[in-house]
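What follows is a short report on a single structure.
In what follows, chains carry the letters A, B, and so on, assigned in the order in which the sequence lines appear, proteins first and then strands, with residues in each chain numbered from 1.
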Amino acid sequence: MNWTFFHKLGSPKWFYEISGRWLPWLVISSAILMTVGLVWGLLFAPPDYLQGNSYRIIFIHVPSAFLAQATYVMMAVAGAVALIWRMKLADWALKCGAPIGASFTVMALVTGAVWGKPTWGTWWVWDARLTAMLILLFLYIGIIALRDAFPSQQTASKACAILALVGVVNIPIIKFSVEWWNTLHQPATLKLTEKPAMAPEMLIPLLICMAGFYLFFLTVFFLRLRNEILHREQRTRWVRALFS
Amino acid sequence: MAFEDFASFIAMGGHGLYVWTSYAVAALVVIFNLVGPWREKRRIQASISRQMRRETAAPKTKPVQRSAPMKPAHGESV
Amino acid sequence: MHPQRKRRLIAVLLIVLGVALAAGLVLMALKENINLYYSPSQIAAGEVKEGQRLRGGGLVVPGSLKRSEDGLDVEFEVTDNQAVVKVKYRGILPDLFREGQGIVVTGKMENGVINASEVLAKHDENYMPPEVQKAIDEAHPGAVENTPATGYGAEKPDAEAVKKEGETQQ
């Protein structure tokens with residue numbers, strides 16, 4: 001296996017340059033996809049046969065819930081890379097993902113609660129899906145807090161990486177909670193193996209929203225990671241060269 | 001278009017409050033994720049520029065000396 | 001791979017596997033407690049004691065809904081297609097409540113009947129426009145599975161559902 005790509009990825013300078021070239025495209029494409037997807041979903045998608053118009057919350061609820069989990073998986077992978085290969089960029093990626101993932105978890109929980117009130121008749125219920133999602137939020141908060149709990153940066157990095165790895169067990173629990181136990185939350189609409197349980201005129205805007213939110217994640221993740229690189233590498237010659 | 005007029009779009013078939021609350025929360029999360037790193041970037045850039053100016057202006061003066069005269073003033077006020 | 005990295009890789013894998021195993025065992029042990037509600041067959045099998053507070057859930061049996069004259073006292077039956085349990089409730093039913101639809105009730109077991117203090121509506125993972133639902137209803141009249149029996153064109157026993165339907169149609 002050729003490891004040059006991997007070693008390049010470990011170089012903050014290389015990442016800073018590449019991400020700088022990608023950023024404008026990410027900003028433009030995420031803005032276009034999110035606008036098209038949300039306007040389509042809010043204005044042009046037909047109402048649902050059962051829920052009427054309140055189902056339109058799905059266009060932000062599902063993307064945020066997917067991103068909340070995907071961000072965590074990314075952080076766990078970054079944690080493993082940081083532990084095994086001592087790659088500092090992976091540690092910074094773990095640190096920068098946490099506030100973004102936490103904010104999307106809050107978004108999924110709040111939009112879910114606001115959707116639950118008119119459909120289920122309650123804001124919150126302690127079923128397996130909702131509880132597992134709340135645990136995900138606590139994991140994010142734990143990782144953010146753990147970073148500042150150690151005087152040594154190296155110990156903090158290691159502790160965060162281990163917590164990220166330990167917590168990743170929660171992700172399959174969130175995903176399969178609606179199949180393993182009986183819950184108030186309905187089973188998944190989007191499935192990998194089967195046809196989605198949604199009419200195409202609703203599904204297409206939803207998929208566009210999801211693509212838009214994923215690109216939005218990449219945009220703000222790159223913004224944060226680039227800041228972290230500048231901060232940590234401020235004494236290096238290449239950062240100095242950027243400012244002179 | 002799924003709505004006949006603007007008023008029914010806002011009303012969302014009686015669920016307007018729920019739908020628009022959700023979208024407002026989504027907007028806040030998007031803004032938080034954009035404004036946070038944007039302010040952080042300006043802060044870091046300013047701090048690096050300041051540091052570099054300080055080093056070129058007085059290469060041998062260390063920041064330690066600057067803070068020295070501050071100390072008695074702080075002591076008096078206590 | 002560098003032997004030290006290999007050791008750390010194994011350590012990382014062991015952490016993840018160990019935690020997954022532990023979580024799996026705990027969840028298996030807690031299986032019944034994680035379920036949000038008892039199904040009618042569990043209740044029929046005597047898993048719930050008389051006077052116990054519980055959550056029960058299932059599909060509302062079509063044609064089982066009875067209302068008192070003031071419309072606030074309701075009675076209906078809930079099924080999981082194996083057993084049936086009767087529910088009594090006084091209060092306003094959620095918008096999505098209709099026969100054939102999934103619901104979850106919180107209440108107390110009294111003489112084999114759940115005396116409910118709260119009724120929540122479940123909905124399934126299917127989303128479609130009203131016209132599509134209408135077409136399905138016409139193709140399979142009386143189909144209960146996955147679709148509410150009181151869909152488009154069917155008689156609606158629930159005044160609120162009728163009102164909602166009107167709003168949806170716009």
Polar side-chain atom of C:Lys122 near backbone of A:Thr183 as donor-acceptor pair, under 3.5 Å: yes
Should we say atom [atom1] of [X] is surrounded by more than 12 heavy atoms from elsewhere, each under 6.0 Å from it?
{"X": "C:Lys6", "atom1": "NZ", "answer": "no"}
{"X": "A:Gln154", "atom1": "CD", "answer": "no"}
{"X": "A:Gln153", "atom1": "CD", "answer": "no"}

Contact listing (chain C partner; residues 89-97 of chain A; heavy atom under 4.5 Å): none
Check against side chain to side chain contact (heavy atoms under 4.5 Å, CB included), C:Asn126 and A:Met198: CA-CA 6 Å; C:Asn126 300 307; A:Met198 195 177 209; over 6 Å; no
Residue pair A:Gln186 / C:Tyr127: nearest heavy atoms and the distance that separates them: NE2-OH, 3.4 Å
Over all atoms of both residues, closest heavy-atom pair of A:Tyr49 and C:Pro130: CB-CA, 3.8 Å
Under 4.5 Å from a heavy atom of chain C, the part of [X] involved:
{"X": "A:Pro196", "value": "neither"}
{"X": "A:Lys117", "value": "neither"}
{"X": "A:Ala188", "value": "backbone"}
{"X": "A:Ile173", "value": "side chain"}

Heavy-atom contact with chain A under 4.5 Å, split by part of C:Arg7: neither
Interchain contact, C:Ile15 with chain A, by part (heavy-atom threshold 4.5 Å): side chain
Partner residues of C:Glu131 under the side-chain contact (heavy atoms from CB on, under 4.5 Å) criterion, sequence neighbours left out: C:Pro129
C:Val87: side-chain contact (heavy atoms from CB on, under 4.5 Å) partners, not counting sequence neighbours: C:Phe76, C:Val78, C:Val105, C:Ile114, C:Ala116
Audit row: A:Trp181, C:Leu36, side chain to side chain contact (heavy atoms under 4.5 Å, CB included) steps and yes/no: CA-CA 8 Å; A:Trp181 302 289; C:Leu36 182 70; over 6 Å; no
Point-to-point distance, once rounded to the nearest 0.5 Å, from CD of C:Glu125 to NZ of A:Lys191: 5.0 Å
Between CG on residue A:Asp48 and NE2 on residue C:His123, distance to nearest 0.5 Å: 8.5 Å
Residue pair C:Gln101, A:Leu50: steps toward the side chain to side chain contact (heavy atoms under 4.5 Å, CB included) verdict: CA-CA 10 Å; C:Gln101 188 76 21; A:Leu50 192 58; 3.4 Å; yes
Choice from C:Leu27, C:Ile103, C:Val132, C:Val119 maximising heavy atom contacts with chain A below 4.5 Å: C:Leu27
Partner chain C: residue of [options] with the largest heavy-atom pair count (under 4.5 Å):
{"options": "A:Thr189, A:Asn182, A:Ile84", "result": "A:Asn182"}
{"options": "A:Leu165, A:Val178, A:Leu190, A:Leu184", "result": "A:Leu184"}
{"options": "A:Ala128, A:Pro187, A:Pro46, A:Gly121", "result": "A:Pro187"}

Side chain to side chain contact (heavy atoms under 4.5 Å, CB included) evaluation trace for C:Arg8 with A:Trp85: CA-CA 8 Å; C:Arg8 293 197 291 242; A:Trp85 284 275; over 6 Å; no
Chain A neighbours within residues 18-26 of chain C, where any heavy atom lies under 4.5 Å away: C:Val19, C:Ala20, C:Ala23
